[in-house]
Amino acid sequence: MGNPARGALRAAGYPDLESLDGVDYASLAALHGVGPRALDRLHHRLAENSMGLGGEVPSLPAAGARVTKGHTGKKAADIKTAPTDVDPAEWIDSLEWPRRREHGRILLELFGRATGEKPVMWGPSMVGYGESHYTSHTGREGDWFRVGFSPRKANLALYGLQGALGAAEKLEALGKHKVGAGCVWINKPEDVDLDVLFSLVRGSWEALE
């Protein structure tokens, strides 16, 4: 992006790509210096990392990313998000919002049961399961997790759930949620059918087996 857009985003409190995940598209479009082209590039970059802008996002050309099981170690130099040694359960217990601590524990149990995999922290705020590698239509590559979640103050972000067989039908039965590129947002577990959510996680996990 150009310097005006980058400066406007930083001034608004968005210093990096991860901080833009789930942020309302319209609020970003209202920032002086942030135009449609910059937002288009941001949305594609977020989608490459199983994230996305929130709200109503204008339709974008299909990215055509190819996702495969396992990590390769090949990634674009500007992709900084990577696994850490932080214990996910301890991180969830340290969250400053009591109800998000409770929600995080629920998701930790559900994702663990659905995948049979141990969780790993990715970056400062994402809990991921398994390994995958993507190659975008532009040739950019990166390693990522297969499914995961992030308990945030405003919502719960659920990653990688749209790859399950019959995902569209399952999402219709899920309950109150919003869908972005590679991400599903819910406000709290009580808003959704946890059996359907389990099926989505399990189905997405199995899609790369």
Would you please test Ile186 and Lys176 for side-chain contact (heavy atoms from CB on, under 4.5 Å) and show each step?
-> CA-CA 7 Å; Ile186 64 175; Lys176 185 178 179 182; over 6 Å; no

Could you give the distance from CG (Leu20) to CG (Leu42), rounded to the nearest 0.5 Å?
-> 5.5 Å

Smallest heavy-atom separation, Trp97 atom then Arg152 atom, equals CZ3-C, 3.9 Å

Are Leu107 and Pro151 side-chain neighbours, meaning at least one heavy-atom pair lies under 4.5 Å?
-> no

For the residue pair Leu161 and Leu197, establish whether any side-chain heavy-atom pair is separated by less than 4.5 Å.
-> yes

Distance col, row His177:NE2 vs Asn187:CG, nearest 0.5 angstrom, shows 11.5 Å

What distance separates Ser150 OG from Met126 CE, expressed to the nearest 0.5 Å?
-> 7.0 Å

Can you tell me how far the CG atom of Leu194 sits from the CG atom of Leu200, to the nearest 0.5 Å?
-> 11.5 Å

Without swapping roles, check the side chain of Ser204 against the backbone of Val201 for a donor-acceptor pair under 3.5 Å.
-> no

Could you state the interatomic distance from CG (Leu53) to OH (Tyr25), rounded to the nearest 0.5 Å?
-> 8.0 Å

Considering non-hydrogen atoms only, spot the tightest contact between Val120 and Pro83 and give its length.
-> CG1-CB, 3.8 Å

Side-chain contact, heavy-atom cut-off 4.5 Å: Asp143 with Glu131?
-> no

Take Lys170 and Ser199, measure what side-chain contact (heavy atoms from CB on, under 4.5 Å) needs, and give me the verdict at the end.
-> CA-CA 8 Å; Lys170 290 177 181 178; Ser199 180; 3.0 Å; yes

With sequence neighbours excluded, what pairs up with Glu172 under the side-chain hydrogen bond (donor to acceptor under 3.5 Å, both in side chains) test?
-> none

Under 3.5 Å donor-acceptor, Arg146 side chain and Gly130 backbone = no

What pairs of residues pass the side-chain hydrogen bond (donor to acceptor under 3.5 Å, both in side chains) test when at least one of them lies in residues 112-128, not counting sequence neighbours?
-> Glu109-Arg113

So the salt bridge (Lys or Arg N to Asp or Glu O under 4.0 Å) pairs with at least one residue in residues 81-104 (sequence neighbours excluded) are Asp93-Arg105

Considering all heavy atoms of both residues, which atom of Gly52 and which atom of Trp185 are nearest to each other, and what is their separation?
-> O-CZ2, 3.5 Å

State, to 0.1 Å, how close Tyr14 and Leu28 come at their nearest heavy-atom pair, and which atoms those are.
-> CE1-CD2, 3.7 Å

State, to 0.1 Å, how close Pro189 and Leu156 come at their nearest heavy-atom pair, and which atoms those are.
-> CD-CD1, 3.7 Å

Main-chain N/O of Leu174 paired to Asp193 side chain as donor or acceptor, under 3.5 Å | no

Would a 4.5 Å heavy-atom cut-off, applied to side chains only, mark Leu108 and Pro119 as touching?
-> yes

Within the distance-only criterion (no hydrogens, no angle test), does the side chain of Trp91 pair as donor or acceptor with the backbone N or O of Pro124 below 3.5 angstrom?
-> yes

Output for pair (Leu39 CG, Leu9 CG), nearest 0.5 Å, gives 7.5 Å

Less than 4.5 Å apart, any side-chain heavy atom of Tyr129 and any of Phe111?
-> yes

Work out which heavy atom in Ser27 is nearest to a heavy atom in Val23; give both atom names and the distance.
-> OG-CG1, 3.9 Å

